[in-house]
Amino acid sequence: MITTDLAPGSPCWLDLGAPDVPAAAAFYGAVLGWEYQPMEEGGDVEGGMFRKDGKTVAGLGKLTEEGARPAWMIYYTVTDADATTRAVEAGGGTVRVAPRDLGEWGRMAQYSDPLGGQFAVWQPGKQAGFELADEPGSLSWTELYTSDAAAAKEFYGGVFGWRFSDMELPGGGGTYTLITPADLPEERMHGGLMQLRTEDLALAGGRPYWHPVFAVTDCDAAVAEVTGNGGRVQMGPDDAEGVGRLAVCLDPFDADFVVLKPAES
C-alpha cells in the first residue's frame, strides 16, 4: 500500500516527460480526472502539476532529452541522495542526473539500473512528495519489467534495502516479485517486478522499465477514455484474482501506465 507518509524507500513522486504538454494534460485529465496547473508563464521550463480533488498527484514536463522516449519517472524517498548515489554506483548503476538541490523543496537525482531501467530519488526538504496516493486518480502501485529479476533484486536491494517475496502467477504465468520498503510491514508493499524476455521489452528498446499503476473507480470506463483520447491498450481489461480489474495502457505518445480498479477487500 502506497501512502503519503513517504517513508524511506517508498514511492513519493512521479512525473511524465511528454513531447506535447497540453495534449498530455488533456489526455490524463480525461482518463484520470486530473486538473492540470501549469507553472508560471515566462519560466524556462514548460510544465506543471497534476491535481486530483485539490491535491497534487504528479508532475508533467516537456520532454527535452535527446533520444529519450516519453515515459513516467518514479521517485523514491531517501534520507541522503548522495549516499544513495554512491550505492547506485557501487551496484553497477549509472547516474543520469547527479544529486542537485531544487531550492528549499528538496534534493533529487536520477539513475539507471545496471540493465538500463530508469528511476529517481527525492530527499525531501520543504516538499515531501505527492499529496494523494492509493485513491482513485492517484498512484497505487509501481512495477518493473526486467530481463533479469535476480539482478534487479540484488541491485535495488542494495540501493534501497527493499525486501522481496516471490509468488507464482496463475496459469503458469511466471513468477512475480513483491517489493516492501525496508523496516515496514508487508501491508506496506508498494510494487512488484517481473522478468520478461528482452523481446517483450520493445517499448524501451529491450531495456527494463518502471511504470505506474493508477487506481480508478471503473477500469472499463477508464479504458474507454484511453482509446477515445488517442491512447492504446496493450493488455486487458482483465480480472486478476485478489488484485482487481486492470488494463495496461499507452498514452498518445506511448508512455505506459496501468489502470486498476482494486478488488473489494
Side-chain angles (χ1 to χ4, degrees), residues 11 13-39 41 45-75 117-120 130 132-133 135-145 196 199-240 244-262:
W13 186 248
L14 71 165
D15 55 39
L16 173 67
D20 186 330
V21 167
F27 174 82
Y28 287 97
V31 174
L32 297 172
W34 286 350
E35 298 177 357
Y36 175 62
Q37 181 179 350
M39 295 179 184
E41 294 185 8
V45 179
E46 181 183 357
M49 300 295 179
F50 284 120
R51 296 173 68 82
K52 175 71 173 177
D53 300 330
K55 297 181 179 180
T56 303
V57 291
L60 171 63
K62 178 84 170 181
L63 186 67
T64 58
E65 184 179 345
E66 186 70 27
R69 75 176 183 96
W72 285 96
M73 179 70 72
I74 299 172
Y75 292 71
Q118 297 182 3
F119 67 104
F130 43 55
L132 187 70
E135 298 288 343
S138 67
L139 184 69
S140 64
W141 193 251
T142 66
E143 199 165 56
L144 173 67
Y145 289 164
L196 300 176
E199 53 265 37
D200 295 327
L201 302 173
L203 195 63
R207 297 187 304 274
Y209 57 92
W210 287 93
H211 59 215
V213 178
F214 298 116
V216 295
T217 56
D218 186 326
C219 180
D220 295 80
V223 166
E225 293 292 351
V226 168
T227 57
N229 287 275
R232 295 184 289 135
V233 177
Q234 284 191 304
M235 185 190 76
D238 292 318
D239 293 313
R245 187 163 177 80
L246 59 88
V248 182
C249 305
L250 299 174
D251 72 15
F253 311 105
D254 285 349
D256 55 301
F257 63 99
V258 176
V259 290
L260 167 69
K261 182 186 186 306

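- A donor-acceptor contact shorter than 3.5 Å links the side chain of Lys62 to the backbone of Pro19.
- The shortest non-hydrogen separation linking Ala247 to Pro237 is CB-CA, 4.0 Å.
- We find the CG-CG distance between Asp20 and Leu63 to be 11.5 Å, quoted to the nearest 0.5 Å.
- Side-chain atoms of Trp210 and Leu144, non-hydrogen and from C-beta on, do get closer than 4.5 Å to each other.
- Annotation: side chain of Thr64 is not in contact with side chain of Glu46 (no heavy-atom distance under 4.5 Å).
- One finds the SG atom of Cys249 at 10.5 Å from the CZ atom of Phe214 (value rounded to the nearest 0.5 Å).
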- Message: Please determine whether side-chain contact (heavy atoms from CB on, under 4.5 Å) holds for the pair Asp218 and Glu225, giving the CA-CA distance in whole Å, both sets of side-chain angles, and the decisive distance to 0.1 Å.
- Response: CA-CA 11 Å; Asp218 186 326; Glu225 293 292 351; over 6 Å; no
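- Considering only heavy atoms from C-beta on, Tyr75 comes within 4.5 Å of Asp15 through its side chain.
- Using a 4.5 Å heavy-atom threshold, the side chains of Arg245 and Val223 count as separate.
- The two residues Leu16 and Ala255 have their closest heavy-atom pair at CD1-CB, 3.8 Å.
- Contact check for Met235 versus Leu246: side-chain heavy atoms found under the 4.5 Å cut-off.
- Residues Asp251 and Val31 fail the side-chain proximity criterion, which asks for heavy atoms closer than 4.5 Å.
- The minimum heavy-atom distance between Val21 and Gly61, with the atom names listed, is CG2-C, 3.8 Å.
- Remark: Met49 CE to Leu60 CG distance equals 10.0 Å, nearest 0.5 Å.
- Closest approach of Ala204 and Tyr209 over heavy atoms only: CB-CD2, 3.6 Å.
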- Should Leu14 and Phe50 be marked as a side-chain contact (heavy atoms from CB on, under 4.5 Å) after you check the CA-CA gap, both sets of side-chain angles, and the distance that decides it? CA-CA 10 Å; Leu14 71 165; Phe50 284 120; over 6 Å; no
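- Salt bridge present: Arg232 and Asp254 bring a charged side-chain N and a carboxylate O closer than 4.0 Å.
- Residues Phe257 and Leu250 come closest through the heavy atom pair CE2-C, 4.1 Å.
- Nearest heavy atom pair, residue Asn229 against residue Pro252, reads O-CG, 3.6 Å.
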- Start with the C-alpha distance between Trp13 and Thr56, add both sets of side-chain angles, then the distance that settles side-chain contact (heavy atoms from CB on, under 4.5 Å), and finish with yes or no. CA-CA 10 Å; Trp13 186 248; Thr56 303; 3.5 Å; yes
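- Tyr36 places a side-chain N or O within 3.5 Å of a backbone atom of Gly48 that can act as its donor or acceptor partner.
- Between Lys52 and Leu32 there is no side-chain heavy-atom pair separated by less than 4.5 Å.
- A distance-only check finds a donor-acceptor pair linking the side chain of Trp34 to the backbone of Gly137 [under 3.5 Å].
- Annotation: Trp72 is in aromatic contact with Tyr28 [ring centroid separation under 6.0 Å].
- When each of Asp256, Thr142, Leu203 is paired with His211, the side chain to side chain contact (heavy atoms under 4.5 Å, CB included) condition holds for Asp256 and for no other.
- Annotation: the span from Leu132 atom CG to Asp53 atom CG amounts to 6.5 Å, rounded to 0.5 Å.
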